[in-house]
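Below is one structure; the comments refer to it alone.
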Amino acid sequence: MEKRNIKIEIEDKLHDEILRSNLERFSEQYPAARAKAYANVESIEALRDDLKEMKSYSVSHIEKLADQFQESLEKRGAKVFRAKDGEALKRQLLEICRENDVHNIVKSKSMATEEIRLNDYLEEQGLHVKETDLGEWMLSVAGQHPSHMVMPAIHLNRNQCAKFFSDELKEDIPSDIPFMVQTARRVMRKEFLKADMGISGANFGIAENGAIGLVTNEGNARIVTTMPPIHVIIIGYEKLIPKISDASKIMRLLPRNGTGQRMVSYLTLVDGPTPIIHEKNGKMVEENKKVYAILLDNGRLKAAHDPVMKEVYQCVRCASCLNVCPIWSTVGGNVYGHIYSGGIGAILTGLLNSMDDFAQFSDLCIGCRRCTTVCPGKINIPDLIQELRNRRVAEKGLSLPEKLIFQKIMTNRKIFHTLLRTASIGQKPVKSGKFIRNLPLFFAKMTEGRSLPAIADKPFRDRANDLFKNNPSSAKMKVAFFSGCNLDFVFPQTGESVVKVLQDIGAEVIYPQDQNCCGKPIIGAGDLETARKLAMQNIEALEKANADYIVAACPTCAETLKQTYKELFAHDRIWLERAENLSKKIREFTSLVEMSYAKNKRLKTTHGAEKITYHDSCHMRRSLDIYKEPRRLLEAAPGYDYVEMDGADQCCGMAGSFGMKYADLSVQLLNRKIHNIKESGAQTIAVACPACMMQIGGGLDKNAPEIKIKHIADILAENISD
Amino acid sequence: MRKVSHEWQKYLQKGFIDKKYWNDFKENAQAASVELKEVKNYEDAMPIIEDIIAGAEASRLAAVGGGESEELSRIYKNLGQKYQVYTDKFEIARNAPSVDIGISTAEFGVGETGSICVDNYSYEARVATMLPPINIVFMNKNNVVDTMTDAFEILEQVFDKGYTGFVTGPSRTSDIERVLTLGVHGPSRLILFAVDGME
């Protein structure tokens, strides 16, 4: 494993202006391009379901399909080999080269060969190898690696490209794009004509007839599989599909999702040896090409039998998960693994490369779940990453400070809360030392580009009893308030607003004092054992409250209580039942209030003097699927005029501990958010998540202090008389 | 000429093709930079081809598919009187890297995407369509299917082995600054003649 310093790499990328502007432009244009490409299909969801179903069937029959694919190809005259890893594949390929006296090889894009660094090996063996995809060729000349699976050179500009051209060709190539493309055509054409072997990957391999499908816009794969007398197919097991007609299930989604095209220029289907006409001993002859296929395992079969991780094989390598990823679109693909980038890349690296490599950059997934809304194969990428993190922790344990904090402090509510109170007195211990840095509420190193709220003098839990004097005398329902750490210790006034609004809709509100942190930071770090302890404490505390509903005004807490606890106890029948009963009572604050307001006809749209907009928290929007309710509440809030802003559902960059570990990167996401808020013209930005409130509030304070940030509870409370 | 199937038409007529898909096909093909020429018959294509040749200052052509179609064969013969037209597979193989225009055929179009399905089992068809800077293709205008799902249903029936696939516009790249540039490896122009009166 290469030991890398990801933070320094990220720092570099953040200062790469070319990369930054290329990615920013692309990520702005992508959603509309994708939507346009899908405009003529009846239901994207139906296509995604078809693909998912077909691919998950395929992976569960992977050996059978491999046998069938091999048999089909052999019957048609090809030779088929299987390689258990990169070494075995290289040996096999070299033997084929030696046997056929091969010297010059042209290649069309294959991620599998990148994965095993095949080109380096072949060149070491004295073979002349040329990538023929323009982007891949430029990168190979530059000694760089692709930063995206579909757009490998998206991080470069025309001047950099011209330099690579000039260096390679020893000519002065101007940075004129059509001229460079024509130059590439001229140079590569020579390579095609002299090549004695073509190596291709495969976007899919069809078991029933042995055909492979190759998807390109340039058409290089078509020439690679046509002109040289030998064709070697290098294909990962996961690319196999049962039938010819199954290919359409991939092809209706892959180009639309990948590049916003309804179809790529060339979808080539090659099956078995095909004729070639070439000069032999001074005479033109027609004969069949030699075709070899090598099925690459390299960890694939093991993952295919993993009940959780096998989901990753619903991937068709469209890379749309990168296109919508806030991290990728800020720092590009090279900070991830060496080959596969983005969230899907983290998973593939963990499965196909090594868990040590995975662990170095797995926390670059901030769990915002945008990728899950576009993935053609409906892969729950953040969940698979989390699963790998959990396994890593189960195997290797946590780092020492994390272990101490999670296992010794946070599970003991009294110690934990005493520490937080101490922090509020001095605000000093918080800012120094590694120890406190890992608390969910610590703010050291977060000062660049944003200000930080102080820990409140008096936490919510100490204010609660006074508030409950105002409970309605004849209550319609009994609500237990789960504050979560942020509303308890950082924004207790918002906690007060929550209570006021709930009382106003007729709820008797209580606050179970034994509640603790919901456990999300611990779950995120992969320490499920400790998380279960916290979950048990909370389940017990909340059960005792005997309430009709349990309300959280933090979507992350709501999600954890409602969904994650059930997953934590999936194998514990008794606690699972208790978690399920709890889950039924959990309500996210705005959704409960909106329902009551709707029932009591309090949702009349108003146009007040002050413009207000809304930011969707990732967990609220994509895990809880709550986004209409807060907007309806704001549209009806007296004194305000609701406007929508661009990129409302894009992550603000807080994302739990991510915002602290990668402070600089987090600030970049924040700046984009602040820009969009300003553009909307709103004087107030409303949120429904205290963590977003902390992050965006800090950014506004530094960059746009004239704009206010408020939790929806605060806005609603303004309109309720005491 | 060697083909994946000599019975495409038989399968296409099993309820897959319909004239009503033409407008979708036209819109999507043009969006993919296909230069679409609707003609009533082969004869009408002649003057247009001559204009293309003149405009491109072309003189040498590689032409495939004449063996399967008398009309096409007649076109090639007529063109052969004014230009150098290679129709023999060995001649095509030898000259494809240096000819100006390749002429070929497509089996059917796909409305959803503007793609054409090409049967390129023979080597000469592949080099004639990929190596020259211009590719002229003839297709029966009535042979358009609705979706890619339908297209693959047809392949499910006819594709046993060989070389086929779909072409959707000319060769393109956006690898430098995502600027769309045509003609990187294959043709920079794909000119499709959709012939109305084809059998």
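Sequence lines set the chain letters: A, B, ... in the order given, protein chains first and strands last, and positions in each chain run from 1. This one's a predicted model, so the numbers in the text were calculated from it and none came from an experiment.
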Looking at OG of Ser171(B) and CG of Asn220(A), how far apart are the two atoms once the value is rounded to the nearest 0.5 Å? 8.0 Å

Do Val110(B) and Met263(A) touch side chain to side chain, with heavy atoms closer than 4.5 Å? no

Asp175(B) and Pro152(A): which non-hydrogen atoms are nearest, and at how many Å? OD1-CD, 4.0 Å

Quick check: under 4.5 Å, non-hydrogen atoms only, which of residues 78-86 of chain B neighbour chain A? none

Point-to-point distance, once rounded to the nearest 0.5 Å, from CG of Asp271(A) to CZ of Phe159(B): 4.5 Å

Is it the side chain or the backbone of Val118(B) that comes within 4.5 Å of chain A heavy atoms, both, or neither? side chain

Taking Glu136(A), Glu286(A), Met251(A), Met151(A) one by one, which has the highest count of heavy-atom pairs under 4.5 Å against chain B? Glu286(A)

Give, as side chain, backbone, both or neither, the part of Val264(A) having an atom under 4.5 angstrom from any heavy atom of chain B. backbone

Checking heavy atoms, do the side chain of Met180(A), its backbone, both or neither come under 4.5 Å from chain B? side chain

Interchain contact, Thr164(B) with chain A, by part (heavy-atom threshold 4.5 Å): both

With a 4.5 angstrom heavy-atom cut-off, could you sort out which part of Asp150(B) is near chain A: side chain, backbone, both or neither? neither

So which part of Thr216(A) gets closer than 4.5 Å to some heavy atom of chain B, the side chain, the backbone, both or neither? neither

Return yes if some donor-acceptor pair links the side-chain N/O of Arg126(B) with the main-chain N/O of Ile276(A) below 3.5 Å, else return no. no

Note: Ser122(B) and Pro275(A) closest approach over all heavy atoms is CA-CG, 4.5 Å

dist Leu267(A):CG -> Met148(B):CE (nearest 0.5 Å) comes out at 6.5 Å

At what distance, to the nearest 0.5 angstrom, does OH of Tyr123(B) lie from NZ of Lys289(A)? 8.0 Å

Take atom NZ in Lys77(B); do more than 12 heavy atoms of anything else shown fall under 6.0 Å from it? no

Compare every heavy atom of Gln182(A) with every heavy atom of Gly183(B), then report the nearest pair and how far apart it is. O-NE2, 3.5 Å

With sequence neighbours left out, write down each residue that passes salt bridge (Lys or Arg N to Asp or Glu O under 4.0 Å) with Lys3(B), or none if nothing qualifies. Glu107(B)

When you measure from the side chain of Ser265(A) to the backbone N and O of Pro170(B), does any donor-acceptor pair fall under 3.5 Å? yes

Part of Pro255(A) lying under 4.5 Å from any heavy atom of chain B: neither

Contacts of residues 88-99 of chain B with chain A (heavy atom under 4.5 Å): Lys89(B), Phe90(B), Ala93(B), Arg94(B), Pro97(B)

With a 4.5 angstrom heavy-atom cut-off, which part of Arg178(B) approaches chain A: side chain, backbone, both or neither? side chain

Heavy-atom distance under 4.5 Å to chain B: side chain of Arg158(A), backbone, both or neither? both

Would you find a donor on one side and an acceptor on the other, under 3.5 Å apart, between the side chain of Tyr163(B) and the backbone of Arg222(A)? yes

Which bit of Thr149(B) comes within less than 4.5 Å of chain A, counting heavy atoms only: side chain, backbone, both or neither? both

Could you tell me which non-hydrogen atom of Gly186(B) sits nearest to which non-hydrogen atom of Tyr266(A), and how far apart they are? CA-OH, 4.4 Å

Of the non-hydrogen atoms in Ile244(A) and Glu156(B), which two are nearest, and what is the gap between them? N-OE1, 3.5 Å

Looking at CG of Asn159(A) and CD of Glu177(B), how far apart are the two atoms once the value is rounded to the nearest 0.5 Å? 7.5 Å

Of the listed residues (Arg262(A), Arg185(A), Arg25(A)), which shares the most heavy-atom pairs with chain B below a 4.5 Å separation? Arg185(A)

Give the member of Asp50(A), Thr132(A), Leu193(A), Ile154(A) that has the highest number of heavy-atom pairs under 4.5 Å with chain B. Thr132(A)

Should we say atom CD of Glu287(A) is surrounded by more than 12 heavy atoms from elsewhere, each under 6.0 Å from it? yes

One option among Glu279(A), Gln160(A), Lys249(A), Glu208(A) has the most heavy-atom pairs under 4.5 Å with chain B, and it is Glu208(A)

What residue in Thr113(B), Thr181(B), Ile176(B) has the most heavy-atom pairs under 4.5 Å with chain A? Ile176(B)

Mark yes when over 12 heavy atoms from residues, nucleotides or ligands other than Lys14(B) sit less than 6.0 Å from its NZ; otherwise mark no. yes

Considering only heavy atoms and a distance below 4.5 Å, find which of Asp246(A), Asn40(A), Thr259(A) pairs most often with chain B. Asn40(A)

Do Thr226(A) and Met130(B) have side-chain heavy atoms sitting under 4.5 Å apart? no

Most contact-rich option vs chain A, by heavy-atom pairs under 4.5 angstrom, among Thr147(B), Val127(B), Leu182(B), is Thr147(B)

If you check every heavy atom in residues 24-35 of chain B against those of chain A, which residues fall under 4.5 Å? Asn28(B)

What part of Met284(A) is in contact with chain B, defined as an atom under 4.5 angstrom from a non-hydrogen atom: side chain, backbone, both or neither? both

Using a 3.5 Å distance criterion without hydrogens, assess whether the side chain of Thr274(A) forms a donor-acceptor pair with backbone atoms of Gly162(B). no

Spatial distance of atom CG (Leu131(B)) from atom CZ (Phe192(A)) [nearest 0.5 Å]: 9.0 Å

Answer yes or no: are there more than 12 heavy-atom neighbours, outside Lys130(A) itself, under 6.0 Å from its atom NZ? yes

Does this structure show an ion pair linking Arg256(A) with Glu112(B), if we count only N-O contacts that are shorter than 4.0 Å? yes

How far apart are the closest heavy atoms of Gly219(A) and His185(B), and which atoms are they? C-CB, 4.5 Å

Between Pro187(B) and chain A, which part of the residue has a heavy atom less than 4.5 Å away: side chain, backbone, both or neither? both

